[in-house]
Amino acid sequence: MEKTYLQLITVLCIFALGLCVPTPPAAELKGRKFPHDFIWGIGTSAYQIEGGWNASGKGESIWDHLTHTYPEKIVDQTNGDISSDSYHQWQRDVQMVRDLNVHVYRFSISWTRIMPGGYMNKVNNEGIRYYSDLINELLHYNITPMVTIYHWDLPQRLQELGGWTNPEIIPVFKDYARLLFEMYGDRVKIWTTINEPWHICEFGYGVDYMAPSYNYPGIPNYLCAHNLLKTHAEVVHMYRDKYQQLQKGKIGITMDTSWMEPKTDSDDDREASERALQFYLGWFAHPIFSKRGNYPQIMFDRIHNLSKEQGFTRSRLPEFTADEIRRIRGTADFFGLNSYTTKRVTKNDHNNSKNFPVPSFSHDMGVVEDQDPNWTGSGSSWLKVVPKGMYNLIMWIVREYNNPPIIVTENGVSDNGGLADYGRVDYLNSYLSAILDAIEDGANVQGYTYWSLMDSYEWKVGYTEKFGLYHVDFNHPNRTRTPKVAAKVYAQICKTNTIDWTYRPTLDEFQINAMAQLPEIEMDAKSGANTIFAALTSRSWHSMTLLLLIVNYLLRI
């Protein structure tokens, strides 16, 4: 009798909870389909998931060095030494990718696992074999590998030469890329040279945030970008000249920005929005995708004038030669776009009231950013849920760069843990709806890759924020993986090519059992994005429903 009573209460609670959730317009409920050839993907990066930081001959990267030498720079003082342990659990990872029904798995190669010191004088055969096995396993299940050649984990020995500020990086990186093309190019059909150059250069060299954490504003960031763009171009030309015709692959670069929303409709704020987009995205996109090539004119003008005011004898922004401009322009078969959120922008005044360091990227840009406190939050302070921003950003790229083929290579939302991630479900549906709006308005968006496959090491915030569709138990020696609710939803989207707002699966018995094993902080974690679901259903109702589901399950076993 008790079991029947509890089961009845559980059903009633779930029903009541469902009534509290508002429904989108009828047109949305019917389902909106993506183009039949749309590419669905899922992504990870080597340092974030692999672990095995010194296994089988792997060398030290700048992230190994940073987290071991300055653990206080990481929010929870952790590192990626083991992380999700994908170095040993890669077959389970491929099974997860299969279960999501995606076409593409985007992952990165660890430079130091292949070439421990960064140079060709020492190549690690075990590292070569690791990625070869992973690629073969993916292809066995008809999943296309999308390989990122560089995702932030520079060999520490190269950093000691100045890293991306030293032109020596160009031939060394070219050697590294050549080895990857030789080893894997027969099987890898989508390549990305470099992930998020803005983060590499500004967050790595300009401020004390990402490795190598230079905290040297206004000069090395521009040197980094200059060498990075030349490196990218040399690798693309090498691929096109020697490998592309035979290997039949595509190659591009992945850039990142938030949408920069004018804070008001004033001319000044609209100008601030345009300037911010040129500094964040145009800095790297303009040399490759614009008709003229080279850096955006606004960057030339502002950095030249400010450098002169600050007493420099020449602009802090290096200049390309005419040959370099021609060599860089057009070096991408697709526009890789990472974007998660939106910022509001207005102009910094002439008195630098925002008190940006002088010189610095932020002072050069001259834009003040914030976010609307009414925007829905997430597990990350910087990530607000503003789907319209994704539409606006894509359409800006369409106008600015003559509608290039776009692959959204990263988009996702964080929470603080748990499996009932309905906030992530709402984020997925709403951002995909915005992307589909852009496609219907003429944008050439060819694919979407959710970030990320599983919970992993989130750089400076360690393990405190979770982006994964699969939960990882970092306290278990096997790093047990468990699908979240959003994994089921994304798998359904990829299978049907359709956004279906009505599909909101509940936790099954396997998930309930797994959830019962989670630490209390995760079991009670607030759903990642306080979107439609969380805003109109109190946390107490949500928690009570989960509790009753668990009690129901325990009484039946």
Side-chain angles (χ1 to χ4, degrees), residues 39 106 146-150 164 167 169-171 173-178 180-181 185 188-198 200-201 222 224-257 277-300 317-339 393-409 438 442-447:
I39 300 166
R106 178 179 181 243
M146 181 179 188
V147 174
T148 303
I149 296 174
Y150 182 77
W164 288 98
I169 195 75
I170 301 170
F173 189 97
K174 191 176 175 182
D175 284 343
Y176 165 51
R178 182 187 295 109
L180 299 191
F181 297 150
V188 173
K189 303 307 177 187
I190 312 176
W191 294 95
T192 299
T193 55
I194 295 164
N195 181 76
E196 296 188 355
W198 184 90
I200 293 166
C201 295
Y222 298 125
C224 166
H226 210 64
N227 290 324
L228 187 150
L229 282 162
K230 288 193 283 188
T231 302
H232 159 79
E234 289 306 310
V235 169
V236 172
H237 281 292
M238 175 178 65
Y239 182 71
R240 287 176 173 173
D241 292 344
K242 296 184 178 180
Y243 301 101
Q244 192 167 40
Q245 186 174 358
L246 180 64
Q247 297 179 353
K248 309 297 184 187
K250 294 183 178 181
I251 190 165
I253 188 170
T254 285
M255 292 158 289
D256 72 292
T257 186
L277 288 165
Q278 293 293 351
F279 266 73
Y280 276 107
L281 190 58
W283 186 7
F284 300 96
H286 208 272
I288 298 170
F289 291 95
S290 71
K291 290 182 180 178
R292 181 179 67 86
N294 214 338
Y295 295 120
Q297 192 63 45
I298 188 66
M299 291 190 75
F300 269 121
L317 182 68
E319 292 190 18
F320 291 118
T321 67
D323 284 344
E324 287 170 343
I325 291 169
R326 285 191 292 270
R327 192 149 178 84
I328 294 170
R329 192 164 64 85
T331 53
D333 297 329
F334 59 89
F335 192 117
L337 176 64
N338 295 357
S339 191
L393 177 58
I394 290 171
M395 299 311 293
W396 185 88
I397 293 168
V398 167
R399 295 188 299 272
E400 188 73 10
Y401 301 119
N402 194 30
N403 201 9
I406 297 169
I407 299 176
V408 177
T409 39
N444 187 16
V445 183
Q446 298 183 348

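The structure displayed is predicted, hence computed values, not measured ones.
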Worksheet entry | Steps toward side-chain contact (heavy atoms from CB on, under 4.5 Å) verdict (L393, L337) | CA-CA 10 Å; L393 177 58; L337 176 64; 4.0 Å; yes
[Y] side chain reached by [X] side chain, heavy atoms, under 4.5 Å:
{"X": "Y150", "Y": "T231", "result": "no"}
{"X": "W283", "Y": "M255", "result": "no"}
{"X": "R292", "Y": "Q297", "result": "yes"}
{"X": "D333", "Y": "P405", "result": "no"}
{"X": "D323", "Y": "R327", "result": "no"}
{"X": "F289", "Y": "F284", "result": "no"}
{"X": "Y295", "Y": "H226", "result": "yes"}
{"X": "N444", "Y": "F335", "result": "no"}

Discussion item. With a 6.0 Å cut-off (strictly less than), is the heavy-atom count around CD of E319, excluding the residue itself, greater than 12?
Written reply: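 Count not over threshold, so no.
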Worksheet item: How about K250: does its NZ atom have over 12 heavy atoms from other parts shown lying under 6.0 Å from it?
Response: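 No, because the 6.0 Å sphere around NZ of K250 holds 12 heavy atoms or fewer from other groups.
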Would you please indicate if the ring centroids of [X] and [Y] are separated by under 6.0 Å?
{"X": "W198", "Y": "F279", "answer": "no"}
{"X": "H232", "Y": "F173", "answer": "no"}
{"X": "W191", "Y": "Y243", "answer": "no"}

Item to complete: Measure up the Y239 and F181 rings against each other and bin them: parallel (under 30°), tilted (30 to 60°), perpendicular (over 60°).
Response: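 The arrangement is tilted - the two ring planes meet at 30° to 60°.
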Nearest 0.5 Å please: distance from the [atom1] atom of [X] over to the [atom2] atom of [Y].
{"X": "R326", "Y": "T331", "atom1": "CZ", "atom2": "OG1", "answer": "14.5 Å"}
{"X": "Q278", "Y": "H286", "atom1": "CD", "atom2": "NE2", "answer": "5.5 Å"}
{"X": "Y401", "Y": "L281", "atom1": "OH", "atom2": "CG", "answer": "5.5 Å"}
{"X": "E234", "Y": "E324", "atom1": "CD", "atom2": "CD", "answer": "9.0 Å"}
{"X": "I194", "Y": "I253", "atom1": "CD1", "atom2": "CD1", "answer": "5.0 Å"}
{"X": "L228", "Y": "I170", "atom1": "CG", "atom2": "CD1", "answer": "9.5 Å"}

Worksheet item: Short question: side chain of N403, backbone of G442 - any donor-acceptor pair under 3.5 Å?
Response: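 At least one qualifying donor-acceptor pair exists.
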Worksheet item: Counting only N and O atoms by type, is there a donor-acceptor contact under 3.5 Å from the side chain of Y176 to the main-chain atoms of I149?
Response: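 Checking the backbone N and O of I149 against the side chain of Y176, a donor-acceptor pair under 3.5 Å is found.
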Item to complete: Walk me through it: do I288 and L229 pass the test side-chain contact (heavy atoms from CB on, under 4.5 Å)?
Response: CA-CA 8 Å; I288 298 170; L229 282 162; 4.0 Å; yes
Please find the pair of heavy atoms, one from [X] and one from [Y], that lie closest to each other, and give the distance.
{"X": "P167", "Y": "P171", "answer": "O-CD, 3.5 Å"}
{"X": "A332", "Y": "R240", "answer": "N-NH2, 3.4 Å"}
{"X": "K189", "Y": "K248", "answer": "CD-O, 4.0 Å"}
{"X": "A443", "Y": "M395", "answer": "CB-SD, 4.1 Å"}
{"X": "C201", "Y": "A225", "answer": "SG-N, 3.3 Å"}

Discussion item. Test side-chain contact (heavy atoms from CB on, under 4.5 Å) on E400 and L277; report intermediate values, then the result.
Written reply: CA-CA 10 Å; E400 188 73 10; L277 288 165; over 6 Å; no
Discussion item. Please determine whether side-chain contact (heavy atoms from CB on, under 4.5 Å) holds for the pair Y222 and M299, giving the CA-CA distance in whole Å, both sets of side-chain angles, and the decisive distance to 0.1 Å.
Written reply: CA-CA 11 Å; Y222 298 125; M299 291 190 75; 4.1 Å; yes
Worksheet item: Which one of T409, T148, N338 satisfies the side chain to side chain contact (heavy atoms under 4.5 Å, CB included) criterion with E196?
Response: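 The passing option is N338.
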